[in-house]
Amino acid sequence: MRLLIDTHALLWFCEGSPILSPKARAAMEDASNELFVSHASAWETAIKVSIGKLKLQTDYRAIFPGVLEANGFVFLPPAVEHYENVIALPRHHSDPFDRLIIAQARVEGLTIVTRDEDFQAYDVPLLW
């Protein structure tokens with residue numbers, strides 16, 4: 001399975017949080033799955049840390065790229081097609097980071113690992 005990991009799921013995985021569902025954790029630990037992380041997640045995390053909205057249990061660099069590389073996650077490179085798909089998305093959700101993740105999953109044929117129920121309004125496979 002080809003998975004695109006939403007920001008909260010990635011951080012919960014990195015921190016060993018019990019909030020991450022057992023199904024999501026198992027999929028992320030399954031070596032047969034391809035695991036992708038959007039550059040939007042690195043950007044979103046940096047912004048939220050810088051404004052005090054998010055406190056990480058570990059150093060930012062330990063996650064980006066540390067934990068990602070150690071666990072076989074691949075940064076999904078940005079592409080114009082992803083941004084074009086954001087334009088075409090219905091306005092069910094206004095979070096720009098989530099909209100880009102949704103668009104990337106649609107363009108690349110990925111399943112999104114997320115507990116965000118707003119994603120259900122879009123035509124994209126989800127795993128939680």
Side-chain angles (χ1 to χ4, degrees):
M1 195 171 359
R2 300 178 72 231
L3 304 173
L4 180 55
I5 313 303
D6 195 4
T7 308
H8 64 270
L10 173 66
L11 296 177
W12 292 339
F13 177 84
C14 293
E15 295 173 349
S17 174
I19 300 171
L20 183 64
S21 77
K23 185 176 179 179
R25 181 171 303 283
M28 293 167 73
E29 291 175 346
D30 184 340
S32 68
N33 289 332
E34 293 179 80
L35 307 173
F36 296 92
V37 174
S38 173
H39 62 281
S41 292
W43 181 34
E44 176 181 19
T45 302
I47 288 172
K48 289 183 177 179
V49 168
S50 73
I51 63 174
K53 189 174 180 181
L54 175 65
K55 183 150 180 77
L56 298 174
Q57 293 180 3
T58 187
D59 181 66
Y60 180 86
R61 286 184 178 235
I63 298 170
F64 301 100
V67 172
L68 301 183
E69 290 176 354
N71 289 281
F73 292 82
V74 175
F75 264 118
L76 184 60
V80 171
E81 293 82 7
H82 301 156
Y83 305 129
E84 287 175 337
N85 198 269
V86 168
I87 294 168
L89 286 178
R91 298 287 308 172
H92 300 304
H93 198 19
S94 62
D95 183 300
F97 305 109
D98 289 348
R99 289 177 59 80
L100 180 54
I101 288 170
I102 291 163
Q104 288 178 304
R106 289 169 46 124
V107 170
E108 303 297 333
L110 304 172
T111 297
I112 303 174
V113 177
T114 187
R115 85 167 188 176
D116 189 332
E117 293 180 0
D118 290 333
F119 283 43
Q120 294 174 10
Y122 296 92
D123 183 27
V124 63
L126 305 175
L127 184 148
W128 189 251

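Each residue takes its place number in the sequence, starting with 1. Just so it is clear, the values below take in all heavy atoms, side chains as well, and ignore hydrogens, waters and symmetry mates.
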I need the minimum non-hydrogen distance between [X] and [Y], along with the two atoms involved.
{"X": "I101", "Y": "S38", "value": "CG1-CB, 3.9 Å"}
{"X": "V113", "Y": "A24", "value": "CG1-CB, 3.7 Å"}
{"X": "V86", "Y": "A103", "value": "CG2-CB, 3.6 Å"}

Could you give the side-chain donor-acceptor pairs of residues 60-78 under 3.5 Å, partners two or more places apart or in another chain?
from, atom 1, to, atom 2, distance (Å)
Y60, OH, A42, O, 2.8
N71, ND2, V67, O, 2.9

Hydrophobic clustering (ILVMFWY, side-chain heavy atoms < 4.5 Å, transitive) - are [Y] and [X] grouped together?
{"X": "I102", "Y": "L100", "result": "no"}
{"X": "L10", "Y": "L35", "result": "yes"}
{"X": "I112", "Y": "Y83", "result": "no"}
{"X": "L11", "Y": "M28", "result": "yes"}

### Message
Taking side-chain hydrogen bond (donor to acceptor under 3.5 Å, both in side chains) as the definition, give me every residue that meets it alongside T7, ordered by chain and number, with sequence neighbours left out.
### Response
S41, E44
### Query
Side chains of I5 and L3: does their closest heavy-atom pair fall under 4.5 Å?
yes
### Message
Counting C-beta onward and ignoring hydrogens, is there a side-chain heavy-atom pair between L4 and E108 closer than 4.5 Å?
### Response
no
Distance-only check: which donor-acceptor pairs under 3.5 Å involve side-chain atoms of residues 116-128, not counting sequence neighbours?
from, atom 1, to, atom 2, distance (Å)
D116, OD1, D118, N, 2.9
Y122, OH, P90, O, 3.1
Y122, OH, H92, N, 3.2
Y122, OH, H93, N, 2.9
Y122, OH, R99, NH1, 3.4

### Task
Show your working on side chain to side chain contact (heavy atoms under 4.5 Å, CB included) between L89 and R106 and close with a plain yes or no.
CA-CA 10 Å; L89 286 178; R106 289 169 46 124; 3.7 Å; yes
#### Entry: side chain to side chain contact (heavy atoms under 4.5 Å, CB included) evaluation trace for L20 with R115
CA-CA 9 Å; L20 183 64; R115 85 167 188 176; over 6 Å; no
Atom pairs and distances, donor-acceptor, side-chain atoms in residues 51-58, under 3.5 Å, two or more places apart:
none

### Query
Between D95 (side chain) and D98 (backbone), is there a donor-acceptor pair under 3.5 Å?
yes
### Residues that, via side-chain heavy atoms closer than 4.5 angstrom, fall in one hydrophobic cluster with V107
none
#### Entry: All pairs passing side chain to side chain donor-acceptor pair (under 3.5 Å) where residues 20-35 contributes a residue, at least two apart
R2-E34, D30-S32
### Message
Test: ring-ring contact (aromatic ring centres under 6.0 Å, His included). Region: residues 21-58. Which pairs qualify, not counting sequence neighbours?
### Response
W43-F97
